[in-house]
Each structure stands twice: as structure tokens, then as C-alpha cells.
Amino acid sequence: MLADAGIRPEDVDVVVNTHLHADHVGWNTRDRQGSWVPSFPNAVYHLPAADLAFFDPGAAHPARTDGSVDPVRWAEWDRVFADSLAPVLAAGQAAPWSGTRTIATGLVLQEAPGHTPGSSVLRLTSGGEHAVFVGDLLHSPVQLAHPGCSSCFCLDQEQAAASRLRILRQAADRRELVLPAHFAGPGAARVKRAGAGFVPRWVS
């Protein structure tokens, strides 16, 4: 798709991972003659520091041994780290961050933990309009009506629900366009408060 738009890998200068699950880091790298290398050799990869501390096998996070996560899942995460994150770190292209990070004027990363320890959203302001890319804060439209519902993939479901409610309240108050990563159909919505939840107005 990038090639269709006339963009070469060398032209990409910023990569954002809202969190470090496999389906959000898979294009970080590519196989070159049997070795994984960064897909975008001139890019800065913005990676949540809390997720690096959690998923990096070398960091020995306490969750690896406290029984809170299935060892099979850790094995899968370690494979993902080895092929999609370690090469970026080794190349010196990783830019870990925490709290908030301004990438450019009108483009700001903000922590929204719970799905993973470092889960985040990306806020965009341009021409007087506002949008928020919510990553995996939302997996289903049901979570708009019931923000307290977290998916089975959320590591801390209570914290994920709190982050979801906070971000959706901000989106409603700021009239931000909400862009989820996993919804089918229309790709964005504006949300309005309705009782304990929110009602979407879909934008195609």
C-alpha cells in the first residue's frame, strides 16, 4: 500500500506502536536474507517504555514468574519481541517514552494503560479538527455503550476500563473523531455521552 502511494521504506521517518502486541508491531521489521531488520531504516520508532519493561525478556518483569500470565503466552510474546522489536532496539532506532510525547505539532502520544502496561492513544489536531487513534482501547462497539467491558486480551481489565472511560469522555468533550484499530465497517465515529456510556455517530 505504501508503494502504491509512491512511498518507499526509506521515506518513512516516524513509526508509532500504540502498544507491543504482535498485531501492532508486525511491520516494524522485515526478513532480509534470513535476518530481521527494521522495515524503515530512517525512522524513529516510538515505543511505550512500560511495554518494553514488561515484554523485554531481558528485563525479567515479575509477571514472568508470578503465575498471572500463561507461560505459553510469554513464549509467544518472546518470539514477537525477538523478530519485531529487538532488531529496532539493536539498530538504535527505538525512542522509548512514557507519560506523553509530542511527535510533531498537533501529534501527541498519551498513555492509556490497561490493555498492556504501556498502551497509548495518538491524538491529532489539524485545521481546527481533532482525532484520537485509540489503538486497542476499543475492540468492539459494545465498549462504547459499556466502557467497563474489557476484552480477554486486556492484561489489567480494571485499568483498561478506567483508561477507556477517560479517553472517551475526553473525545466526547473535545468532539474528537475516534479511530479504533479493530472495528469493522465505518472506520471512525464521533461520540456523545449517554448515561454511563456513549453513542457513536459513524463517519465513513
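Under the salt bridge (Lys or Arg N to Asp or Glu O under 4.0 Å) criterion, Arg123 pairs with Glu176, not counting sequence neighbours. Considering only residues two or more places apart in sequence or on other chains, Glu10 meets the side chain to side chain contact (heavy atoms under 4.5 Å, CB included) condition with Arg8, Pro41, Asn42. Considering only residues two or more places apart in sequence or on other chains, Arg64 meets the salt bridge (Lys or Arg N to Asp or Glu O under 4.0 Å) condition with Asp78. For the side chain to side chain contact (heavy atoms under 4.5 Å, CB included) test, residues two or more places apart in sequence or in another chain that qualify with Leu165 are Pro147, Arg169, Phe198. The side chain to side chain contact (heavy atoms under 4.5 Å, CB included) check on Thr105 picks up nothing, with sequence neighbours excluded. Remark: Glu129 engages Arg190 in a salt bridge (Lys or Arg N to Asp or Glu O under 4.0 Å) (not counting sequence neighbours).
Annotation for Gln93 and Ala43: closest pair NE2-O, 2.9 Å, computed over non-hydrogen atoms. Minimum interatomic distance between Pro87 and Trp36 (heavy atoms only, all atoms of both residues): CB-O, 3.5 Å. Here the shortest heavy-atom pairing between Ala63 and Trp74 reads O-NE1, 3.3 Å. Listed here is the closest heavy atom pair of Arg164 and Cys154: NH2-SG, 4.2 Å.
Rounding to the nearest 0.5 angstrom, the gap separating the CH2 atom in Trp27 from the OG atom in Ser84 is 11.0 Å. Between atom CG of residue Asp156 and atom OG of residue Ser68 there is a gap of 10.5 Å, rounded to the nearest 0.5 Å. A distance of 4.5 Å separates CG of Leu138 from CZ of Phe183, quoted to the nearest 0.5 Å. Once rounded to the nearest 0.5 Å, the distance linking CD1 of Ile103 with CG of Leu122 reads 5.5 Å. The line from CG of Leu20 to CG of Asp51 is 4.0 Å long, rounded to the nearest 0.5 Å.
Between Phe55 and His61 there is no side-chain heavy-atom pair separated by less than 4.5 Å. Residues Val15 and Asn28 are in side-chain contact: their nearest non-hydrogen atoms beyond the backbone lie under 4.5 Å apart. Using a 4.5 Å heavy-atom cutoff, the side chains of Leu85 and Val25 are in contact. In this structure, the side chains of Leu144 and Val199 stay at 4.5 Å or more apart for every pair of heavy atoms.
Of the possible polar contacts, none joining the Thr29 side chain to the Ser39 backbone as a donor-acceptor pair under 3.5 Å is found. For Thr116 (side chain) and Ser119 (main-chain N/O), a donor-acceptor pair under 3.5 Å exists by modelled atom type. In this structure, Thr102 contributes its side chain and Ala104 its backbone to no donor-acceptor pair below 3.5 Å. A donor-acceptor pair is defined here as one N or O able to donate and one able to accept, closer than 3.5 Å; such a pair exists between the side chain of Arg101 and the backbone of Ala95. A distance-only check finds a donor-acceptor pair linking the side chain of Ser150 to the backbone of Gln157 [under 3.5 Å]. Between the side chain of Ser120 and the main chain of Thr18, a donor-acceptor pair closer than 3.5 Å is present. Ser163 contributes no side-chain N or O that, together with a main-chain N or O of Ala160, makes up a donor-acceptor pair within less than 3.5 Å.
Centroid-to-centroid, the aromatic rings of His24 and His182 come within less than 6.0 Å.
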### Verdict with reasoning, His46 to Asn17, per side chain to side chain donor-acceptor pair (under 3.5 Å)
CA-CA 6 Å; His46 296 273; Asn17 294 152; over 6 Å; no
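Ring orientation note: the planes of Tyr45 and Phe40 are tilted relative to one another, at an angle of 30° to 60°. Between His115 and His139, the ring-plane angle classifies as tilted under the 30° and 60° cut-offs.
Atom CZ of Arg193 sits in a crowded spot, with more than 12 heavy atoms from other residues, nucleotides or ligands closer than 6.0 Å.
By the rule that hydrophobic residues join a cluster once side-chain heavy atoms approach within less than 4.5 Å of another member, Phe133 and Leu107 end up as members of one cluster.
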